[in-house]
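Every chain is numbered from 1 and lettered A, B, ... according to where its sequence line falls, protein lines coming before strand lines. Keep in mind that this is a model prediction, so the values were computed, not measured. Every heavy atom of this structure was used, including side-chain atoms; hydrogens, water molecules and symmetry mates were not.
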Amino acid sequence: MTILSIKNLRTSFAMRAADVVAVDGVSIDIAAGECVGIVGESGCGKTTTGLSIMRLLPKNGHVSGGQIFFDGKDLATLSEKEMRSVRGNSIALIPQDPMTSLNPVMRIGDQIAEGYIIHRGASKEEARQRALEVLRMVEMPMPEERLNQFPHELSGGLRQRVMIAMALVCEPKVLIADEPTTALDVTIQAQILDILDGLREKLNMAVILITHDMGVIASRTDRVVVMYAGKVVEEADTKTLFTRMNHPYTQALLASVPKIDNITGGRLLSIPGLPPDLSKEIVGCRFAPRCTYATDQCRTSEPEVVDASQGHRFACFNPTNGPAAVDVQINQARKAIDATKPLLTVSNLVKEFPIRGASIFRRTGLKVSAVADVNFEVREGETFGLVGESGCGKTTIGRLITGLEEVTSGDINFAGTNVDGLKKGARRRALARNRQMMFQDPYASLDPRKRVGDIIREPLEIQKTLSKTEMDERVDQLLREVGLPLAAAERYPHEFSGGQRQRVGLARSLALEPKLVIADEPVSALDVSIQAQILNLMQDLQEARGLSYILISHDLAVVRYIAHRIGVMYLGKLVEVGPAEEVFSAPRHHYTQGLLNAVPNADVEGSRERRGGQIQGELPSAANPPSGCRFRTRCPAAADICANEEPTMQEISNGHTVACHFPIEAAVTIRSAQ
Amino acid sequence: MTFPTDWEAEKMAVMDGQSGHEAALDAFAEAANSAGDVRGTERMWQQMLRVFVSNKLAVASLVYVVAIVLFCFVGPFFYHSNQTDASASIFNVNLPPQKGFPLGTDYLGFDILGRLMFAGQSSLELGFLAAMISLVVGVGYGVFSGYVGGWIDSLLMRFVDVMLSIPGLFLLLATISLFGRSKVLLILVLGFTGWFGDARLLRGEAIALRDREFAQAVRAMGGGSGRIIWRHILPNTVSTMMTVSTFALAGSILALTSLGFLGLGIPLPETDWGAMIQFGSDNFQIGCWWQVYPVCGLFLVLIVSFNYIGDAMRDMFEVRLRER
């Protein structure tokens with residue numbers, strides 16, 4: 001039974017130059033109890049579609065055509081007052097960022113109750129009871145106490161539960177979840193998605209899941225709508241979409257997602273170019289400029305949406321049939337690296353941050369143990385992946401190695417530089433020549449007031465090792481290497497897209513020809529299609545220059561794809577280190593296994609089977625870490641010894657070490673490693 | 001034209017017998033689109049100009065300010081009037097607008113139209129110089145305090161808090177009674193009592209910018225604090241500086257006018273708009289309206305104009321607004 005029916009929806013935004021049609025002729029039907037996913041790159045109109053349904057568009061946006069039928073009414077024509085009785089009552093929205101979506105000065109209980117009081121006319125006491133009930137529904141630990149707490153007392157995962165509880169308080173028929181787990185760690189993401197799944201079944205609610213994460217789509221949705229540049233390009237049930245897609249965009253999008261059971265060092269397909277500028281008139285198929293199958297017909301006329309089979313629609317003149325065949329030859333073209341010589345040795349590294357009191361005179365004496373006794377080495381020419389949830393200390397390690405933070409104790413030994421005798425400033429300069437940092441946010445890491453050429457030149461100017469003409473040559477060469485036109489040197493960062501900026505960031509980090517690049521979440525701010533370009537580029541440059549990378553990421557699939565060896569961190573401790581293949585196919589630490597199980601894989605069958613052994617609960621505070629093994633509070637195998645005695649790193653097989661009293665037996669957990 | 005994907009281009013190159021990195025490089029060169037074209041084509045100043053011009057109120061304000069500046073500094077070359085010889089003007093006291101005196105005369109018999117220009121020169125000069133002093137001091141103090149942080153920052157900012165808690169006019173009067181009131185001293189006093197708010201604003205900016213990734217990046221490449229402050233923090237505070245300086249200009253002209261009105265402005269024979277307003281308002285009661293309306297109108301619109309220009313300048317330097 002169709003509960004929500006969108007017909008030819010058209011939403012435009014009035015911009016300074018022209019009207020931008022962000023959603024153009026979108027039609028979607030959603031049945032009760034169904035989970036429909038909307039995917040696409042950023043800027044393709046998926047969020048706008050969600051907001052149009054709720055009629056919560058920003059001031060300059062409006063629905064300029066089409067109908068949204070819900071409950072016999074056209075939502076597009078309702079008055080604002082009538083619409084208010086729909087919002088939060090029969091259609092609810094879960095926004096993306098749980099950190100900013102709650103009112104910081106209102107108690108959790110009151111915030112949840114608010115909607116119930118508005119729509120049901122309930123008394124304060126009834127609403128409070130209801131709030132408690134929905135908090136139980138979202139499996140909030142200690143729900144009674146939460147009612148009186150304020151948002152800042154909750155972690156991101158718990159806040160997202162509150163957001164879901166708020167959305168559910170009036171038992172809506174349709175729930176629009178806009179990237180509900182993007183801001184969360186994988187283990188928490190899995191918990192939240194499980195809750196959403198359970199509630200959908202229990203309440204027979206329709207869910208529209210808006211996400212860019214193909215893994216989430218594959219594991220959670222019944223049907224998928226793929227959007228590109230404001231249009232629906234393909235729609236099918238999830239299984240069909242992943243196995244027999246017809247649109248080249250869907251195919252390319254899926255091929256560009258790094259998968260967790262990929263072969264390490266494989267090459268990802270990437271989609272060249274950028275989505276079109278919607279403020280200009282577009283002739284022909286909107287995807288044609290980036291499409292490998294495009295013909296002259298695609299560039300002159302626009303394909304209509306056609307039915308391929310029952311419930312499978314697409315809009316393309318030259319449909320594909322099934323996933324892209326990735327050439328294995330290319331995969332193996334990657335040179336086997338001779339990774340034996342250690343380049344960087346980190347031993348007994350400790351970093352503690354003192355917690356400062358409210359006044360300048362008060363010292364609390366408390367410390368956050370961000371990195372606790374970590375040992376590892378990085379070899380020449382290899383990529384060392386450092387993974388773990390947020391707050392596990394992986395970024396701090398990166399900053400310690402680049403010298404952005406002072407080490408509390410322990411030793412970072414970099415082969416080939418002796419910096420002991422130098423003064424602080426000189427030492428930092430000397431270190432910088434060998435190790436460089438690639439930053440996460442391509443928007444924040446480039447000075448908006450500097451030309452790209454000057455940005456790339458800056459490290460050279462600081463080091464003063466080259467003459468002016470040599471610097472110019474180096475900048476040109478770097479731009480060429482990262483695939484940017486030479487004219488880019490004259491431009492300012494805001495004229496570039498996110499992926500292009502990350503290329504600039506990579507060029508800058510390579511300017512001094514360092515031996516080691518520390519890449520902190522280098523692609524997590526980018527769309528998958530762009531991610532693939534950057535990851536491929538990083539690999540190419542590694543081969544060409546014999547670089548070593550330390551890749552810090554929460555995204556296991558990305559790490560899997562590019563790293564040779566992997567270190568898994570939990571709450572400041574390294575719990576498992578080993579060759580990437582082995583760690584992923586046969587994890588020995590319970591945390592590693594839990595992490596792997598939590599990752600939604602962009603593969604329909606695989607990701608639905610593997611659901612057991614998830615990590616429950618929240619990350620403990622690093623100011624007061626659990627005694628003994630720090631993971632014991634969330635570990636399925638925890639015993640008394642884990643609380644009393646800290647497990648030491650022991651070598652289990654060649655080059656594979658694990659810190660656990662009860663490591664997982666290898667044979668039990670081996671997954672088919674293709 | 002179709003663009004091959006990264007790996008297809010590379011595959012083709014590999015088949016041509018090239019290998020490894022060379023092939024990859026060629027693939028990039030061939031498909032320069034691998035990173036896509038760069039979006040904008042306008043130069044930075046064009047974009048900035050576009051943002052400024054799109055604010056009609058600011059454009060009108062700018063035209064007005066330029067007109068006033070020309071009026072005060074170029075006007076006297078074309079419109080001659082007696083502004084210094086009191087013995088000659090004594091016969092023309094308090095004349096209403098008439099032939100020879102388009103805006104009438106004041107209580108000393110000086111021509112009002114010429115007086116507006118004459119007083120405006122000192123008001124604008126003093127205002128501008130005082131604003132520059134307070135901008136330099138405020139920016140330096142604020143950026144230093146914010147960048148250094150810690151207890152030094154706390155100490156420096158407490159001083160600012162104390163100074164801000166003293167009413168501005170009181171502070172001005174106190175310093176003037178201490179140091180006297182020549183033109184140079186007035187500039188210094190106005191400048192050194194007007195920077196506290198600026199310092200606070202700039203400190204906030206410096207704290208935010210210091211922790212931004214691009215400042216961290218400089219550190220990671222071996223650069224020091226000097227470089228971060230001069231090359232990265234200061235250029236990024238330009239929008240704030242612009243806004244602050246236009247407001248400071250308006251503020252110091254206003255402060256000077258207040259002093260003039262209290263009879264503590266520039267001593268005779270020179271004068272400023274504040275003094276004109278004061279004497280004008282004295283004679284308002286005997287019907288000399290022409291001594292008040294022109295100077296008040298000109299002055300108020302000028303202050304409002306500075307504020308509009310400040311708003312537009314802030315937008316102009318805001319990178320995000322330029323993109324659209």
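- Annotation: maximal heavy-atom pairing with chain B below 4.5 Å, among A:Met438, A:Met437, A:Gln463, A:Lys450, occurs at A:Lys450.
- Among residues 216-233 of chain B, the residues having any heavy atom closer than 4.5 Å to a heavy atom of chain A are, in sequence order, B:Gln216, B:Ala217, B:Val218, B:Arg219, B:Ala220, B:Met221, B:Gly222, B:Gly223, B:Gly224, B:Arg227, B:Arg231, B:His232.
- Annotation: B:Tyr64, atom OH; neighbour count of heavy atoms from other residues, nucleotides and ligands within 6.0 Å is above 12.
- Atom OH of B:Tyr308 has 12 or fewer heavy atoms from other residues, nucleotides or ligands within 6.0 Å.
- The neighbour count for B:Phe144 CZ, taken as heavy atoms of other residues, nucleotides or ligands under 6.0 Å away, does not exceed 12.
- Residues satisfying the side-chain hydrogen bond (donor to acceptor under 3.5 Å, both in side chains) criterion with B:Ser61, sequence neighbours excluded, are absent altogether.
- The candidate with the highest count of non-hydrogen atom pairs below 4.5 Å against chain B, out of A:Asp447, A:Asp454, A:Thr402, is A:Asp447.
- Within the 4.5 angstrom heavy-atom criterion, only side-chain atoms of A:Leu404, from C-beta onward, approach chain B.
- There is no contact between A:Arg433 and chain B, counting heavy-atom distances below 4.5 Å.
- Interface remark: A:Glu458 contributes backbone and side-chain atoms alike to the contact with chain B (heavy atom separation under 4.5 Å).
- Below 4.5 Å, heavy atoms of chain A meet heavy atoms from B:Arg212, B:Glu213, B:Phe214, all part of residues 201-215 of chain B.
- Among residues at least two apart or in separate chains, there is no salt bridge (Lys or Arg N to Asp or Glu O under 4.0 Å) pair with a member in residues 129-140 of chain B.
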